[in-house]
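When reading the values below, keep in mind they use all heavy atoms of this one structure, side chains included, and skip hydrogens, waters and symmetry mates.
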Amino acid sequence: MERVKTGIKGFDGLIEGGIPKGSVILLSGTPGTGKTIFGMQYLHNGAVDFKENGLYVSFEERKENLYRQAESFGWGIKSLEEKGDVVINCIPTNALEKSTPDNIVKLINERNIKRVVIDSLSTLTMNTPTLTNYPHTLDALTVKRFIYGFIQKLTGTDATIILVSHSHDENKLSIDGVSEFICDGIVKINSQNLGGDHSRVMNISKMRSTKNDEDIHPVEIGKNGIVVHRLR
């Protein structure tokens, strides 16, 4: 099986060497647990170490904020973008349209993108564009159909995709209630005190087409980004 290595220390070994190519992975967790860092590290390593073009789509952050966050770990995301190795596409919520998923897929195909991060699926869910010309209050079924359709479109590309999902409830994986069933893999990062130096933990609860380590692992965010440790 062809795999996509994240290059994140300690992570790839938990899934037999890397994410199965073409998978869509849900990266879920509470605020401040390092999901955005994980996504940027995935793209940076892909461009620098594996020569794979990346796309970061943000519905929450301005491009300058992402640059600054990347720079704090020594990742030259801005220079990678200038060289065409990474695309940063920041879409404000008031610019979301029903054509947004199609535009993202078109960009992936046109730029031969191999790695994609969508940050975040939660924001897209809360700002789901109306599917008609008549504004109305969106019901849960309409939102689920929109998210389902979006993920299905992404699976039709040649990219390996990470969908960031924010949750204020550690027992929930998403606010849309459907993405965890559609995605090929689920990686969850939460804040948790293990009584040691690490205050974040990771669990891989699902990964189709490969064997995954289901234990809880401490997560460290250091000067070079995320490191996943094994419990001793």
Does NZ in Lys78 sit with more than 12 non-hydrogen atoms of other residues, nucleotides or ligands closer than 6.0 Å?
-> no
Euclidean distance, Ile113 CD1 relative to Asp85 CG, rounded to 0.5 Å = 9.5 Å
Looking at side-chain heavy atoms only, is the closest gap between Trp75 and Leu43 below 4.5 Å?
-> no
How many angstroms lie between atom CZ of Arg208 and atom SG of Cys183, to the nearest 0.5 angstrom?
-> 8.0 Å
Closest heavy-atom pair and its distance - Ile37, Gln69 = CG1-NE2, 3.5 Å
Rounded distance (nearest 0.5 Å) linking atom CZ of Phe38 with atom OG1 of Thr33 = 11.0 Å
Between the main-chain N or O of Leu26 and the side-chain N or O of Ser165, is there a donor-acceptor pair closer than 3.5 Å?
-> no
Closest approach of Ile88 and Ile77, non-hydrogen atoms and distance?
-> CD1-CG2, 3.7 Å
Can you tell me how far the CE atom of Met207 sits from the CD atom of Glu16, to the nearest 0.5 Å?
-> 10.5 Å
Hey, does Thr100 have a side-chain heavy atom less than 4.5 Å from the side chain of Phe150?
-> no
Is the shortest side-chain N to carboxylate O distance from Arg115 to Glu52 below 4.0 Å?
-> yes
Roughly how far, to the nearest 0.5 Å, is OG of Ser122 from NZ of Lys172?
-> 11.5 Å
Step-by-step side-chain hydrogen bond (donor to acceptor under 3.5 Å, both in side chains) determination, Thr123 to Ser120 | CA-CA 5 Å; Thr123 301; Ser120 72; 3.2 Å; yes
Taking NZ, NE, NH1 and NH2 as the nitrogens, is one of them in Asp158 or Lys114 under 4.0 Å from a carboxylate oxygen of the other?
-> yes
Is a side-chain N or O of Asn127 found less than 3.5 angstrom from the main chain of Thr93, in a donor-acceptor match?
-> no
Smallest separation among heavy atoms of Ser23 and Ile19, with atom names | CB-CG2, 3.8 Å
Answer whether the closest heavy-atom distance between the side chains of Arg3 and Pro20 falls below 4.5 Å.
-> yes
Check: Gly22 main-chain N/O paired with Thr160 side-chain donor or acceptor under 3.5 Å = yes
Donor-acceptor pair, Asn45 side chain versus Thr6 backbone, under 3.5 Å?
-> yes
Residue pair Arg230 / Gly13: nearest heavy atoms and the distance that separates them | NH2-O, 3.9 Å
Would you indicate whether Lys9, at its atom NZ, is surrounded by more than 12 heavy atoms from other residues, nucleotides or ligands within a distance under 6.0 Å?
-> no
Begin with the C-alpha distance, continue with both residues' side-chain angles, and end with the deciding distance and a verdict on side-chain hydrogen bond (donor to acceptor under 3.5 Å, both in side chains) for Asp119 and Ser58.
-> CA-CA 5 Å; Asp119 190 0; Ser58 177; 5.2 Å; no
Heavy-atom side-chain proximity of Ile226 to Phe11 below 4.5 angstrom | no
Taking all non-hydrogen atoms of both residues, which atom of Leu154 and which atom of Ile108 are closest, and how far apart?
-> CD2-CD1, 4.0 Å
Note: Arg111 and Asn53 closest approach over all heavy atoms is O-ND2, 3.4 Å
Heavy-atom check, side chain of Lys153 versus side chain of Ile104, under 4.5 Å | no
Thr125 vs Ser174 side-chain heavy atoms within contact, under 4.5 Å | no
Under 4.0 Å between a Lys/Arg side-chain N and an Asp/Glu carboxylate O for Lys5 and Asp49?
-> no
Flag if over 12 foreign heavy atoms under 6.0 Å of OH, Tyr67 = yes
Asp184 side chain to Val24 main-chain N or O, any donor-acceptor pair under 3.5 Å?
-> yes
CD1 of Ile186 to CG of Leu163, rounded to nearest 0.5 Å, is 11.0 Å
Is any side-chain heavy atom of Thr36 less than 4.5 Å from a side-chain heavy atom of Tyr56?
-> yes
If you count the non-hydrogen atoms of other residues, nucleotides and ligands that lie under 6.0 Å from CD in Glu2, is the total more than 12?
-> no
Is there a donor-acceptor pair under 3.5 Å between the side chain of Lys35 and the backbone N or O of Thr30?
-> yes
